[in-house]
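Every value quoted in this text rests on a predicted model; they were computed, and no experiment measured them. No hydrogens, no waters, no symmetry mates; every other heavy atom, side chains included, goes into these values. First the proteins, then the strands, lettered A, B, ... as listed; each starts at 1.
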Protein chains: 2
Amino acid sequence: MAVSMRDVAQLAGVSQRTVSNVVNDYQFVRPETRERVQQAMETLGYVPNAAARSLRAGRTGMLALVIPNFEARYFADLAGAVIHEAETLGYTVLIEVSGASHDRELGVLAGGRSQLTDGAIMSALTLQQADEHLRRPGYPLVLVGDLVFEGPVDHVGIPNREAARTAVEHLISVGCRRVMLLGTENGPTTTSKLREQGYRETLEAAGLPVLPELLLDTEWGRQRGQDAIERFVASDIELPDGIFAMNDSLALGALRALRSAGLRVPEDVAVVGFDDVEEARFASPSLTSISPAVEEIARTAVRLVHEQITGRPARTATHVLVEYELKVRESTARQ
Amino acid sequence: MAVSMRDVAQLAGVSQRTVSNVVNDYQFVRPETRERVQQAMETLGYVPNAAARSLRAGRTGMLALVIPNFEARYFADLAGAVIHEAETLGYTVLIEVSGASHDRELGVLAGGRSQLTDGAIMSALTLQQADEHLRRPGYPLVLVGDLVFEGPVDHVGIPNREAARTAVEHLISVGCRRVMLLGTENGPTTTSKLREQGYRETLEAAGLPVLPELLLDTEWGRQRGQDAIERFVASDIELPDGIFAMNDSLALGALRALRSAGLRVPEDVAVVGFDDVEEARFASPSLTSISPAVEEIARTAVRLVHEQITGRPARTATHVLVEYELKVRESTARQ
DNA sequence: ATGAAAGCGCTAACAA
DNA sequence: TTGTTAGCGCTTTCAT
């Protein structure tokens, strides 16, 4: 068995209480006593037992972050930012990868394995309104990305519709008249729905038709994007002169397919992505993309869980939409 | 206060022991009793308290993973793989980002905040032999990547020297005679030293001179790689006909710099990277790279901590070097 | 198949 | 300023 406070107290000839005081930097401990206790801790190699402390204090100092996967660079970025922000408030982050599985997302909701966390930040993909009652009562939760519950949940997201509108307006402004939407129908998420709405609205506002053959269903992966565009090019449908991809992976895949088909970007086809992952800057041509301020999303989310953890429980739900920005790069630089 | 086992026991009219049995799927519980207890748990919304369980059991079911950062895609990949592997053994992973700071790496060694973990997997960058005595005794630790301690520590890495040799041999085999090494002197790590050794050995074995002007010092970032090559091209030193970059970020940066300088890859300069991150496959030209089998590294590391956690403490240290593979792609496809 | 009860290591209320 | 002590919620040994 590891050495406990009792052992230290015994060796130092003080009470457990005093040891606790020293460990927790309690003000009123006589320097000589403190010295003696520290000496004893050193000798014994004492390390406080966090489980016991948590049990007693009712807090663990840990936050759960639930993301669908690690492959999409966006989630790795989000994780990095959340870890960084959490640290400034003294939390450690425990990451759970849901694999976009409904069961596993439910598991978190119900308090599953992350039992050791004081709260969770969750990027849910498959949760439904109907799942809300499974939410463990009193367990601080912040949703990031899609807003899957109508009920009172803190949420931080980005204005998907507006952002999509900005992207498509940009394509039109550089002369595109036949704009493709790449990545519709990606599972049961509302994200794609919102972005599609933005796309439709913009075309309509510009007096352009929404052509069903330019709405390409694909999962949001790079290879998928590449495949979809390759198939499209091989078909005899007239090519688009602009592509709005639902995320950067799709866009980067598209870039590659277009190039290998001998099409020039942006001269023949202009491309806009979404997420502004690091690679977008370095791709060639570099990719115009919607940049969603991951740091701010992380900061806000962490702040919100922290408020729930420390604050009065009966707070009303907060919804935050963070800024976004269109980064114009080579993939749309024409005229 | 949350509902505890006692409450459930009371409502179900059984003892705490029985509730515990139900929760832990103990075999010998009468179906009707089990039913009644589950009913009570449902009604009360009972959730087991993990802190108490950990305190009692002496294990938390969590592993710490310490990585220098999240920006380098390699570490994100590693994290993903570790999380996946850990899960199969029932662990949850807590990620700590050290920022390559010596203090923070020491903190982990000493048992710092990750007190709640049963063991740690660590990709240490700044640890020194001298730090070893700070290691918390009995705390399971596996080093990944560089081997920083001489002492008895489990370690899983890749044969850096051999891999570097393979890379440079490949460059020579496609006709390179003036091979640059990009990314020497990257902090106090032994990784770069080993790869440099491999580089030198190979040149010598091929009867080629090791030219100091072809050893480029840079940090291992993309922008850094790009800048370094741009500077080199702008200088009046004769250009290399092959580049071995210490990692893919550097290589991808180099690719970009070469292209904007009007040089063709692989015709004018062939390029090999290290790590085989996803992007290497999708870059254009796609990047030849050393692929270090991250999954296997992760699997091995997790297996080793697990053995330490469950096994007899006096096991001797294990050192594992996992396989690597040279993925030949467009960036060296000449002849 | 189930009950009673002893702690795991720590914090904090109460005393002194 | 420090000592004493009651639990936090759970697992598990010993009974029954």
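Summarising the local packing, NE2 of A:H84 is surrounded by 12 or fewer heavy atoms from other residues, nucleotides or ligands at distances under 6.0 Å.
Of the side-chain N and O atoms in B:S20, one or more sit less than 4.0 angstrom from OP1 or OP2 of D:dT11. Contact annotation: B:N24 reaches the phosphate of D:dT11 (side-chain N/O to OP1 or OP2, under 4.0 Å).
Both A:R6 and A:R53 lie near DNA chain C, and the one whose nearest nucleotide falls closer to the 5' end is A:R6. When each of B:L55 and B:R30 is assigned the nucleotide of DNA chain C bearing its nearest heavy atom, the one mapping closer to the 5' terminus is B:R30.
B:N21 places its CG atom 9 Å from the C1' atom of C:dA1, with the value rounded to the nearest Å. Whole-Å rounding puts the A:M41 CE to C:dC10 C1' distance at 14 Å.
Candidate nucleotides D:dT2, C:dC10, D:dT11 were compared by shortest atom distance to the side chain of A:M5, and C:dC10 ranks first. Checking D:dT11, D:dT2, C:dC10 against every side-chain atom of A:N49, the shortest atom distance belongs to C:dC10. For B:Y46, taking side-chain heavy atoms from C-beta onward, the closest of the listed nucleotides C:dA1, D:dT1, D:dC10 is D:dC10. The side chain of A:Y26 sits closest to D:dT2 out of D:dT2, D:dT12, C:dT11.
Side-chain N/O atoms of A:Y139 and A:T117 include a donor and acceptor closer than 3.5 Å. Between the side chains of A:R17 and A:N21, at least one donor N or O lies within less than 3.5 Å of an accepting N or O. No hydrogens or angles considered: a donor-acceptor pair under 3.5 Å links the side chains of A:D118 and A:T60.
Within the nucleic acid shown, B:T33 comes within 4.0 Å of sugar-phosphate atoms alone, with no base atom in reach, counting heavy atoms only.
In this structure, A:H306 and A:Y91 have perpendicular ring planes: the angle between them is above 60°, well past the 30° mark.
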> Would A:V22 and A:M41 count as a side chain to side chain contact (heavy atoms under 4.5 Å, CB included) if you check the C-alpha gap in whole Å, the side-chain angles of each, and the deciding distance to 0.1 Å?
Replying inline: CA-CA 10 Å; A:V22 171; A:M41 296 199 300; 4.3 Å; yes
Atom pairs under 3.5 Å: protein N/O with N/O of nucleotides 3-6 of chain D:
residue, atom, partner, partner atom, Å
D:dG3, OP2, A:S15, N, 2.8
D:dG3, OP2, A:S15, OG, 3.1
D:dG3, OP2, A:T18, OG1, 2.5
D:dG3, O6, A:R17, NH1, 2.7

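Taking 4.0 Å as the cut-off between side-chain N and carboxylate O, B:R303 and B:E307 count as a salt-bridged pair.
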